[in-house]
Enquirer: 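Here it is: the structure, laid out below.
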Amino acid sequence: MTTEDEQEEQHPMAGQTGPRAADRTLEVLELVAGAPTPVSAKALARSLGCALSTAYTLLAPLTDRGYLVRTDGGYTLGYRVSALHRAFQRQMGLTDGVDGIDGVLARMRHATRASANYVAYQGDGLVIADVRTFAADGDEQADLAVGVDPRSHAYAHGKIALAAAGAAARRRYVEQPGLRRFTPNTIASAERLDEELRRIRRTGVALDVEEARTGLACLAAPVLGTDGAVIGSVSLAVRPADLRTRRHQLIAAVKQAAREASPAR
């Protein structure tokens, strides 16, 4: 009889067909993407907890199709990833240049002297698909990343998404991950959050003042797609004192930027 390790060496993908094999292949891609330097096959095998031959079998289709490239130092992302990213940008409406999102953010930052952000939503709206930031030197910045953010109820851009989401999606968010408190100002009550979301739908702007992070205030307005649905938001990150003294100017600026960013305009 042979051991499981021996069986895996003889049949590298034994027990890893269909969804399981696809999941492992994507895991390899994510490991390489998350590494600061090229990753060796041995290091990937250790991270995956599999035999080296299995790692090579998983790497083969990714390198053959150009999603990974093998270098002297190990594996890095390949040219096909860039093509996927460009296709993703087209689908999300994230065009570059003066008339695109980057131009909108640059103008908003120049007008307000504050860090400007664009957050694209996907699915039920509670998944951050892409983030663009034009940071103002020395100013506060929101800590934004793609994926599901458990701080959505604390950030202005997240409140925009919650306000636009359906009742079922909002209920799932309240239950999982739940309304965690990040600062003394964080809204941690479902009733208070519902009231806040109604206000956002009525006024068209979301605010947070030190709800996600002490020393940071944000304003956001929804970006609408051609069908009128919320596809993202533009936001400004400022110091709380700036929001108090320039509130009306900042609200007007973020609403104007949202209109300019909307394909529906």
Side-chain angles (χ1 to χ4, degrees), residues 85-86 88-97 99-109 111-112 114-136 139-166 169-170 172-173 177 180 182 186-187 193 196-197 200-201 203-213 216-238 243 250-251 253-265:
H85 181 62
R86 288 195 297 273
F88 168 77
Q89 287 183 310
R90 287 196 302 273
Q91 291 182 8
M92 298 300 296
L94 300 173
T95 55
D96 296 321
D99 295 326
I101 294 298
D102 290 347
V104 171
L105 295 181
R107 290 191 294 274
M108 185 166 63
R109 181 187 62 176
T112 62
S115 293
N117 306 285
Y118 176 77
V119 176
Y121 307 135
Q122 205 166 37
D124 59 13
L126 300 183
V127 176
I128 296 177
D130 196 66
V131 175
R132 300 286 185 94
T133 298
F134 273 52
D139 210 342
E140 295 290 338
Q141 295 181 49
D143 180 20
L144 307 179
V146 297
V148 178
D149 192 341
R151 303 166 300 173
S152 291
H153 61 290
Y155 269 129
H157 71 268
K159 292 180 183 180
I160 291 290
L162 284 165
R170 288 197 302 273
R172 284 196 304 272
Y173 178 86
R180 292 170 52 194
F182 303 101
T186 305
I187 295 176
L193 181 62
E196 175 80 349
L197 298 182
I200 292 168
R201 287 189 287 269
T203 64
V205 65
L207 304 175
D208 80 74
V209 183
E210 299 187 287
E211 293 179 43
R213 199 176 80 206
L216 178 70
C218 297
L219 312 86
V223 173
L224 305 181
T226 53
D227 60 355
V230 175
I231 60 172
S233 65
V234 292
S235 65
L236 289 169
V238 299
L243 180 57
L250 296 174
I251 288 176
V254 81
K255 283 187 170 183
Q256 175 63 29
R259 286 191 292 271
E260 292 179 8
S262 294
R265 71 180 187 277

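The structure presented is a predicted model; accordingly, all values stated were derived computationally and were not measured.
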Enquirer: Tell me whether the count of non-hydrogen atoms from other residues, nucleotides or ligands lying under 6.0 Å of CZ in Arg180 goes above 12.
Expert: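 For Arg180, atom CZ is not crowded (no more than 12 foreign heavy atoms under 6.0 Å).
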
Enquirer: Rounded to the nearest 0.5 Å, what separates atom CG in Leu105 from atom CZ in Arg132?
Expert: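 Going from the CG atom of Leu105 to the CZ atom of Arg132 covers 8.0 Å.
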
Enquirer: Working to the nearest 0.5 Å, report the span between CG of Leu219 and NZ of Lys159.
Expert: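 NZ of Lys159 is found 10.5 Å from CG of Leu219.
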
Enquirer: Passes ring-ring contact (aromatic ring centres under 6.0 Å, His included), Phe182 versus His153? Steps please.
Expert: CA-CA 10 Å; Phe182 303 101; His153 61 290; 5.6 Å; yes

Enquirer: Answer whether the closest heavy-atom distance between the side chains of Leu224 and Ile231 falls below 4.5 Å.
Expert: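 Not touching, per the 4.5 Å side-chain cut-off.
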
Enquirer: Starting from the C-alpha separation in whole Å, work towards a yes-or-no answer on side-chain contact (heavy atoms from CB on, under 4.5 Å) for Leu162 and Leu126.
Expert: CA-CA 7 Å; Leu162 284 165; Leu126 300 183; 3.7 Å; yes

Enquirer: Taking the side chain from Tyr118 and the backbone from Val104, do they hold a donor-acceptor pair closer than 3.5 Å?
Expert: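 No, because the side chain of Tyr118 does not come within donor-acceptor range (under 3.5 Å) of the backbone of Val104.
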
Enquirer: What's the shortest heavy-atom distance between Gly232 and Ile160, and which atoms?
Expert: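 That closest heavy-atom pairing would be O-CG2, 4.4 Å.
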
Enquirer: Are Arg170 and Leu197 packed together at the side-chain level, in the sense that at least one heavy-atom pair is separated by less than 4.5 angstrom?
Expert: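 The answer is yes; the side chains approach within 4.5 Å.
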
Enquirer: Is there a donor-acceptor pair under 3.5 Å between the side chain of Thr133 and the backbone N or O of Ala135?
Expert: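 Judged by distance alone, no pair lies under 3.5 Å.
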
Enquirer: Treating Tyr173 as the side-chain partner and Pro150 as the backbone partner, does any N or O pair qualify as donor plus acceptor under 3.5 Å?
Expert: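 Judged by distance alone, yes, a pair lies under 3.5 Å.
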
Enquirer: Is it true that a side-chain atom of Lys255 and a backbone atom of Ala221 form a donor plus acceptor pair closer than 3.5 Å?
Expert: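 Such a contact is absent between Lys255 side chain and Ala221 backbone.
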
Enquirer: Is a donor on one side and an acceptor on the other found under 3.5 Å between the side chain of Ser235 and the backbone of Ala220?
Expert: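 No, because the side chain of Ser235 does not come within donor-acceptor range (under 3.5 Å) of the backbone of Ala220.
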
Enquirer: So among Val238, Ile251, Leu236, which one has a side-chain contact (heavy atoms from CB on, under 4.5 Å) with Leu243?
Expert: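 In the set Val238, Ile251, Leu236, the residue that makes a side-chain contact (heavy atoms from CB on, under 4.5 Å) with Leu243 is Val238.
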
Enquirer: Answer whether the closest heavy-atom distance between the side chains of Glu260 and Met108 falls below 4.5 Å.
Expert: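 Glu260 vs Met108: side chains apart.
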
Enquirer: How many angstroms lie between NE2 in His157 and CG in Asp208, if you round to the nearest 0.5 Å?
Expert: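 So the NE2 of His157 and the CG of Asp208 are separated by 9.0 Å.
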
Enquirer: Could you state the interatomic distance from CD1 (Ile128) to OH (Tyr121), rounded to the nearest 0.5 Å?
Expert: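 These two atoms lie 7.5 Å from each other.
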
Enquirer: Which atom names give the shortest non-hydrogen contact between Ala258 and Pro222, and what distance separates them?
Expert: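 Looking at all heavy atoms of both residues, the closest pair is CB-O, 3.3 Å.
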
Enquirer: Distance from Thr186 atom OG1 to Tyr155 atom OH, nearest 0.5 Å?
Expert: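 Thr186 atom OG1 to Tyr155 atom OH measures 10.5 Å (nearest 0.5 Å).
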
